[in-house]
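Note that these values count all heavy atoms, side chains included, but never hydrogens, waters or copies made by symmetry. Nothing fancy with the numbering, it's 1 onward along the sequence.
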Amino acid sequence: MPEARLAHPAPPGLAGLRYQALASDDVDEHAGHLSRWSQEYDQLSPGRFAGRVRELWADGPRLQVFHEHTHQQTSQLCLPWQGSVWFGIPDGRHPTPVHFCGRLQPAEGPRPVLRAGGNASFTLRTPEDFGIYGVVVDADWLAQRLDALQLRDAGAPGAALQALPVPPAVHAAMCSTIEALLALGACGADNPPPAAWQALLDRLLALLCGAGQAPSPAAAAQADPAACSRRLATVMSARALVSQPLNHTMSVDDLCAELHLTRRTLQNHFQAVVGDSPADFLKAVRMNACRRKLRKGGAATVQDVAAQWGFFHMGHFSHDYKQMFGELPSQTLRRADGAPATGFNGRSVPGSSRSRPARRPPAAGLAASGGPRPAAAPATAG
């Protein structure tokens, strides 16, 4: 069952400490479970979705530590809360690599630590059965704490998005330290001394900021930042176009003409950024747009919603929808009103999000219907 417990009393320097664990069988609902983030997820692989989030939040200094797991492949558009620095550490339980801002991260050898700062949005294309740890800290507090610990940040100065490789032993230490923090948050009744919290936090900051290493010369030569940015901007532009309702007449050839690209170039861009063909990826985007609309309920019929995103054959649409999401579109529409979050055991949990911090309203770069606009595509990780 999802937990939303207050670890009490909060130690000095960590005011307003809260822990929660939430599960969902819908990718869009799952995207809203990270406190104060603005996100939009698309499910890309067929089958019923399952997602879990365990999160520890502190109000002062603003600090967020979490583990997120998604059962299906996803495409994610993410914007952490303002004034923060995000560190993302794939948990490495499975060898399938992840795409970060259009760049495939290695699954073997040094492990990637992903990073976003400067109020930058970013994209992830995740494989099936994917887990990632996240640490989000107030940027000003982070700088002050690193100075106090006399640590030099290994990140590139001024780079909003980065992916730094770390040795497997350092990666394992990061994961175990985050798990220790989450465990302390989960057992709120057994309040540890403030020194225990501070020691874990300082250890984690030292691992995150002091252990990065420069990419190998071969990897650096392959990673052309300008080329990566162009590929990512192309994919995000195509996604934004097909996400809009009543803009479904665009075939792949239409997109090539709109974006001034050859079919082969568009294909190569999609394979590099998301590992899919343009047709398959953009069909999944349109299907997810239909599901988001159906989940809002209201007077619209399934046929009306499907037609808005170019699905005119209801038999084919219903078959493809059920294959993708594990239920018929009519079932999604019927249960649209008041569907609560579900626990890990599948039971309804009214008010399960009652004590978590408020979710941020959608940012300007994350339009509710179509994600980032072409001009606001995330930068490429360095």
Next on the checklist: So, applying side-chain contact (heavy atoms from CB on, under 4.5 Å) with Asp42, which one of Gln76, Met287, Arg239 is it?
Outcome noted: Arg239

Next on the checklist: My understanding is that only residues two or more places apart in sequence, or in another chain, count here; which of them pass ring pair (Phe, Tyr, Trp, His ring centres under 6.0 Å) with Tyr41?
Outcome noted: His30

Next on the checklist: Please find the pair of heavy atoms, one from Phe100 and one from Gln162, that lie closest to each other, and give the distance.
Outcome noted: CE2-O, 3.3 Å

Checklist entry - What distance separates Ser176 OG from Arg203 CZ, expressed to the nearest 0.5 Å? => result 5.5 Å

Next on the checklist: Restricting to non-hydrogen atoms, name the atom on Ala58 and the atom on Leu17 that form the minimum distance, rounded to 0.1 Å.
Outcome noted: CB-CD1, 3.6 Å

Next on the checklist: Checking Thr262 against Thr265: is there a side-chain donor and acceptor pair closer than 3.5 Å?
Outcome noted: yes

Item to check | Nearest-0.5 Å distance that lies between atom OG1 in Thr70 and atom CZ in Phe130 | outcome: 6.5 Å

Next on the checklist: Do Cys78 and Thr123 have side chains that approach each other closer than 4.5 Å (heavy atoms only, starting at C-beta)?
Outcome noted: no

Item to check | Side-chain heavy-atom pair Gln105, Pro90 within 4.5 angstrom cut-off | outcome: no

Next on the checklist: Using a 6.0 Å cut-off, check whether atom NE2 of His319 has over 12 heavy atoms from anything other than its own residue.
Outcome noted: no

Next on the checklist: Is there a side-chain contact between Gln267 and Pro278 in this structure, where contact means two heavy atoms from C-beta onward sitting under 4.5 Å apart?
Outcome noted: yes

Next on the checklist: Side chains of Tyr133 and Glu179 only: does a donor on one sit below 3.5 Å from an acceptor on the other?
Outcome noted: yes

Checklist entry - For the side chain of Ser84 and the backbone of Trp81, is there at least one donor-acceptor N/O pair under 3.5 Å apart? => result yes

Item to check | Cationic N near anionic O, under 4.0 Å, Arg145 to Asp202 | outcome: yes

Checklist entry - Given side chains that start at C-beta, do those of Asn247 and Trp309 come closer than 4.5 Å, heavy atoms only? => result no

Item to check | Contact check, side chains of Leu200 and Thr177, non-hydrogen atoms, under 4.5 Å | outcome: yes

Item to check | Partners meeting ring pair (Phe, Tyr, Trp, His ring centres under 6.0 Å) with His316 (sequence neighbours left out) | outcome: His313

Checklist entry - Should the heavy atoms of other residues, nucleotides or ligands under 6.0 Å from NE2 of His67 be counted, would the total exceed 12? => result yes

Checklist entry - Between Arg291 and Phe325, is NZ or CZ placed under 6.0 angstrom from the six-membered ring centre and within 45° of the ring axis? => result yes

Next on the checklist: So does Leu328 get a backbone contact from the side chain of Gln331, meaning a donor-acceptor N/O pair under 3.5 Å?
Outcome noted: yes

Item to check | Donor-acceptor contact below 3.5 Å, side chain Gln64 vs main chain Leu56 | outcome: no

Next on the checklist: So for atom CD, which belongs to Glu128, do other residues, nucleotides or ligands contribute more than 12 heavy atoms lying within a distance under 6.0 Å?
Outcome noted: yes

Checklist entry - Leu114, Leu104: one ILVMFWY side-chain cluster at the under-4.5 Å cut-off? => result no

Checklist entry - How close do Ala306 and Met314 get, heavy atom to heavy atom, and via which atoms? => result CB-SD, 4.1 Å

Next on the checklist: If only side-chain N and O atoms count, and only distance matters, is there a donor-acceptor pair under 3.5 Å linking His171 with Asp91?
Outcome noted: no

Next on the checklist: Counting C-beta onward and ignoring hydrogens, is there a side-chain heavy-atom pair between Tyr19 and Cys187 closer than 4.5 Å?
Outcome noted: no

Next on the checklist: Apply salt bridge (charged side-chain N to carboxylate O under 4.0 Å, His left out) to residues Asp276 and Arg125 and explain how you reach the verdict.
Outcome noted: CA-CA 10 Å; Asp276 282 328; Arg125 200 297 193 185; 2.8 Å; yes

Checklist entry - Between the side chains of Asp304 and Thr301, is a donor N or O closer than 3.5 angstrom to an acceptor N or O? => result yes

Next on the checklist: Donor-acceptor check, side chain of Arg295 to backbone of Ala336, threshold 3.5 angstrom: yes or no?
Outcome noted: no

Checklist entry - In Å and rounded to the nearest 0.5 Å, what is the CG to NZ distance from Leu44 to Lys283? => result 13.0 Å

Next on the checklist: Please determine whether salt bridge (charged side-chain N to carboxylate O under 4.0 Å, His left out) holds for the pair Glu40 and Arg292, giving the CA-CA distance in whole Å, both sets of side-chain angles, and the decisive distance to 0.1 Å.
Outcome noted: CA-CA 10 Å; Glu40 185 170 288; Arg292 274 189 285 273; 3.5 Å; yes

Checklist outcome for this item: CD of Glu258 to CG of Asp254, rounded to nearest 0.5 Å, is 9.0 Å

Checklist entry - Would Arg286 count as a cation-pi partner of Phe311, with NZ or CZ less than 6.0 Å from the six-membered ring centre and within 45° of the ring normal? => result yes

Checklist entry - Do the ring planes of Trp86 and Phe122 sit parallel (below 30°), tilted (30 to 60°) or perpendicular (above 60°)? => result parallel

Checklist entry - How about Asn119 and Leu79: do any of their side-chain heavy atoms sit closer than 4.5 Å? => result no

Checklist entry - Are a donor atom and an acceptor atom from the side chains of Gln73 and Gln43 found within less than 3.5 Å of each other? => result no

Checklist outcome for this item: When every non-hydrogen atom of Ser121 is compared with those of Leu161, the smallest separation belongs to O-CD1, 3.7 Å

Next on the checklist: Tell me whether the count of non-hydrogen atoms from other residues, nucleotides or ligands lying under 6.0 Å of CZ in Arg152 goes above 12.
Outcome noted: no

Checklist entry - Side-chain contact, heavy-atom cut-off 4.5 Å: Arg54 with Gln20? => result no

Item to check | Atom of Ala23, atom of Arg52 and distance for their closest heavy-atom approach | outcome: CB-CG, 4.2 Å

Checklist entry - Would you call Arg115 and Asp153 a salt bridge, taking side-chain N to carboxylate O under 4.0 Å as the test? => result yes

Item to check | Qualifying residues under side-chain contact (heavy atoms from CB on, under 4.5 Å), relative to Thr96, sequence neighbours excluded | outcome: Pro127

Checklist entry - Which pair of non-hydrogen atoms, one from Val305 and one from Cys290, has the smallest distance, and what is that distance? => result CG1-O, 3.7 Å

